[in-house]
Enquirer: 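Pasting in a structure now, in structure tokens, and then I'll have a few things to ask.
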There are 2 protein chains.
Amino acid sequence: MSEATEKRVRSRRLSGGGVKMVDVARLAGTSTQTVSRVLSRPELVADDTRKLVEQAIRELNYIPNSAARLLASSVSHIVAVIIPSLSATVYAQEVHHIVRVLEEHSFSVVIGHSDYSELREERLVQSFLERRPDGFILTGTQHTDLTRQLLRNSGVPVVETFDGDNAAMDMSVGFSNLEAGRKVAELFLSRGLTRIAYVGGRSDQDFRSNARFEGLQSRLAEAGLAPVARIELTLPMPAGDGVRGLDQVLAIDPLTQAIFFSADTLAISALLECNRRGMRVPEQLAICGFGNYDFADAIVPALTTVAVPFEQIGVLAANAILARLDGSVQGPSQTVVPLQLLRRGSA
Amino acid sequence: MSEATEKRVRSRRLSGGGVKMVDVARLAGTSTQTVSRVLSRPELVADDTRKLVEQAIRELNYIPNSAARLLASSVSHIVAVIIPSLSATVYAQEVHHIVRVLEEHSFSVVIGHSDYSELREERLVQSFLERRPDGFILTGTQHTDLTRQLLRNSGVPVVETFDGDNAAMDMSVGFSNLEAGRKVAELFLSRGLTRIAYVGGRSDQDFRSNARFEGLQSRLAEAGLAPVARIELTLPMPAGDGVRGLDQVLAIDPLTQAIFFSADTLAISALLECNRRGMRVPEQLAICGFGNYDFADAIVPALTTVAVPFEQIGVLAANAILARLDGSVQGPSQTVVPLQLLRRGSA
DNA sequence: TTGTAAGCGTTATCAC
DNA sequence: GTGATAACGCTTACAA
């Protein structure tokens, strides 16, 4: 921000409003301390005094300055949330519920996107730490060393989400991507399918998709099989990429019998494309998605997919932070939420 | 937060880390003022001094305290964003781009949900003002009097989004919902359809949907027609509500020829349901959506809809705040982004 | 139950 | 180009 800007902003602030605690105290005929108490621990103040103060607050339209409060008390009432992208409904859903829960407890949420990059995440962590948040909610367990170090040094509670397979720095709320892959393999195998492909994010970007692939692969290996193809799409993946994935799979093995897509958006667009091309699903090609998004159940055939309780993850993550802050829980914790394979028409 | 909590948090902070500017200054052999300058206006510091300070910062892992900065400078580098819900992709998209743009300028975004309630929005504004944000981005132009008063008094730049029809408090970036309704009416009329229905949000919740309905209605009136039905669904509207809307319309008028849905999610689920029921779209029932979401183009028939540049709205809103802050723009402003009727298969 | 005094960590101001 | 000192608005600790 330019020099001129700072001046402008400052003068704006100084002229406008600018009611502070002393002003309230003066009007109420008390000390600032009493005003402070009315705000944070009203039960310690005599009823009459309290009413006077409350009246003065209303009259002056007093709004406390949280920066001053933080400086004096070292509690920010801020939780920092870093997700790969708000454009993916998965994360948007999660954040929705994080915000909802935290709002109720008068915490503010500051949000940032890593764009699927550990380095960008590191910069965000660094920048968010300047606000002295009372908690961090990150996505996944893959972080730079500096990110870990910064967070550890800060002593802030950290929740890592969406990854129940790997060890967390502090607390974690996630699900087993590995298990998801195995479940899907199991399903395909139970239908006697052997030519099975995987379509997901690039392996250097999407570590949780990697785990799903590994799960699929390991289960297939147990049956003496190997995936016929693995397609890696660059993130973020717009829905239309499902068709690209489909085409790439078919280019590698035109006789592919089943595809596991790492996201329902991809699976849905691929399935609709199959319909358009007259490829019969699931007879000719079985399709399984991941996430159980909107419309998974509305298309024909309905999409077989793995349901993930994204909202629950958001709620649990927020609660994990809150529990640590109010002391009801002390150490590290690892929460794994269950996945559910929804067998519908497409596989 | 409980008394015990405050103590615990405080002690954690005091023990862990706690490197401050004086520590850096001491190590670098300068004053805090010089450290401060290195951080905000490096060009004012001699190269040698600067390097010493930068070295000390790295060595100590110093992280500035933005609360102290705000207190001293009255610039928070925070923008508060309030949307109805992050569960709706529309707003998630918008926020995604707001965050992206503001991050680049080292602003943090704090986010809140109004849940389509003006009263909740008011509480959020009140609570966010405690953080002394440098800007506010709100959704729509419908707010309580107190909300307006608080924002006006604070002197903070405010951008209202998504509503280009009504007067804004300060700045606005939106589109004409009225025009959207008229466009869709025009389309239906051009196809000779006369029995036209509308499905949208409850009129006391979704004011922008109201405007779309009014646009539709006014254009129909010019042709001597009136809508055969208007369905009001309670927000938030899950995709499946599209089917409910469809059924309600058909219950009122089984001969309805066309439906304008206030969101693509509704339109898509209704269209897929028509397919399932063997109702031919558009011959038997024409369907038009709003928003041009994912999959609008992937289903069969492809959804005719109104494309809204949600991302662009986010970018423009963020830029409007930035422009005001750096003084390049002074007064109120009203930006209206264009809508585009995408005529595809469904109408 | 209430008040007084001393910080919290930074930046603005002015002097050098 | 650099430093000393006084804010910034609130809470904590202690005293009354």
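Lettering of chains follows the sequences in order, A, B, ..., and the numbering in each one begins at 1.
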Enquirer: For B:R148, check salt bridge (charged side-chain N to carboxylate O under 4.0 Å, His left out) against everything at least two apart and list the hits.
Expert: none
Enquirer: Round to a whole Å and report the spacing from CG of B:L70 to P of C:dT10.
Expert: 13 Å
Enquirer: Near DNA chain C, under 4.0 Å by heavy atom, which residues of residues 23-31 of chain A?
Expert: A:T30, A:S31
Enquirer: For DNA chain C, determine which residues of residues 50-64 of chain B have any heavy atom closer than 4.0 angstrom to one of its atoms, and list them numerically.
Expert: B:Y62, B:P64
Enquirer: If I take atom CG in residue A:L71 and atom P in nucleotide C:dA6, what distance separates them, rounded to the nearest angstrom?
Expert: 18 Å
Enquirer: Donor-acceptor pairs under 3.5 angstrom involving side-chain atoms of residues 62-72 of chain A: please list them, not counting sequence neighbours.
Expert:
| unit_1 | atom_1 | unit_2 | atom_2 | d |
| --- | --- | --- | --- | --- |
| A:N65 | OD1 | A:A67 | N | 2.8 |
| A:N65 | OD1 | A:A68 | N | 3.2 |
| A:S66 | OG | B:E130 | O | 2.9 |

Enquirer: Let me know the distance between CZ of B:R132 and C1' of D:dC8, rounded to the nearest Å.
Expert: 11 Å
Enquirer: From the set C:dT2, D:dT11, C:dT11, return the single nucleotide nearest to any side-chain atom of A:S73.
Expert: D:dT11
Enquirer: Could you check how far CE of B:M21 sits from P of D:dG3, rounded to whole Å?
Expert: 13 Å
Enquirer: Within this structure, what is the CZ-to-C1' distance between A:R41 and D:dA13, rounded to whole angstrom?
Expert: 12 Å
Enquirer: Residues two or more places apart in sequence or in another chain: which of them pass salt bridge (charged side-chain N to carboxylate O under 4.0 Å, His left out) with A:E104?
Expert: A:R100
Enquirer: Using only modelled atom types and a 3.5 angstrom limit, is any donor from either the side chain of A:Q33 or the base of D:dT12 paired with an acceptor on the other?
Expert: yes
Enquirer: Establish, from distance only, whether the side-chain atoms of B:D115 and B:S117 form a donor-acceptor pair under 3.5 Å.
Expert: no
Enquirer: Keeping to residues at least two apart or across chains, list the ring pair (Phe, Tyr, Trp, His ring centres under 6.0 Å) pairs with something in residues 112-156 of chain A.
Expert: A:H113-B:H96
Enquirer: Give the rounded distance in Å between these two atoms: CG of A:L129 and P of C:dG9.
Expert: 16 Å
Enquirer: Is the base of C:dG3 touched by the side chain of A:R37 through a donor-acceptor pair closer than 3.5 angstrom?
Expert: yes
Enquirer: For A:S40 and B:A68, take the nucleotide of DNA chain D holding the closest heavy atom to each; which residue's nucleotide lies nearer the 5' end?
Expert: B:A68
Enquirer: Just jot down the side-chain hydrogen bond (donor to acceptor under 3.5 Å, both in side chains) partners of A:Q55, sequence neighbours excluded, or say none.
Expert: A:R58, A:E59
Enquirer: Pick out which of B:V159, B:I82, B:T161 makes a side-chain contact (heavy atoms from CB on, under 4.5 Å) with B:T139.
Expert: B:T161
Enquirer: Report the distance from atom NE2 of A:H77 to atom P of D:dC10, rounded to the nearest whole Å.
Expert: 16 Å
Enquirer: Would you mind reading off the bend of the helix from C:dT1-D:dA16 to C:dC16-D:dG1 from its two end axes, five pairs each, to 10 degrees?
Expert: 30°
Enquirer: Indicate whether OP1 or OP2 belonging to D:dT11 is found under 4.0 Å from a side-chain N or O atom of A:S36.
Expert: yes
Enquirer: Toward the 5' end of DNA chain C, which comes first, B:V35 or A:T32, by nearest nucleotide?
Expert: A:T32
Enquirer: Between D:dT11, C:dT11, D:dG9, which one does the side chain of A:N65 approach most closely?
Expert: D:dG9
Enquirer: A:D145: what forms a side-chain hydrogen bond (donor to acceptor under 3.5 Å, both in side chains) with it, not counting sequence neighbours?
Expert: none
Enquirer: Looking at residues at least two apart in the chain, or sitting in another chain, which of them share a side-chain hydrogen bond (donor to acceptor under 3.5 Å, both in side chains) with B:E54?
Expert: B:R50
Enquirer: How many Å lie between CG on A:L44 and P on C:dT2, as a whole number?
Expert: 10 Å
Enquirer: Is the closest side-chain donor-acceptor distance between A:S76 and A:R131 under 3.5 Å?
Expert: no
Enquirer: Report the residues that fulfil side-chain hydrogen bond (donor to acceptor under 3.5 Å, both in side chains) with B:N319, sequence neighbours left out, ordered by chain and then residue number.
Expert: none
Enquirer: When you match B:E43 and A:K20 each to their closest nucleotide on DNA chain D, which lands nearer the 5' end?
Expert: B:E43
Enquirer: If the condition is side chain to side chain contact (heavy atoms under 4.5 Å, CB included), which residues does A:Q142 pass it with, not counting sequence neighbours?
Expert: A:E118, A:F207
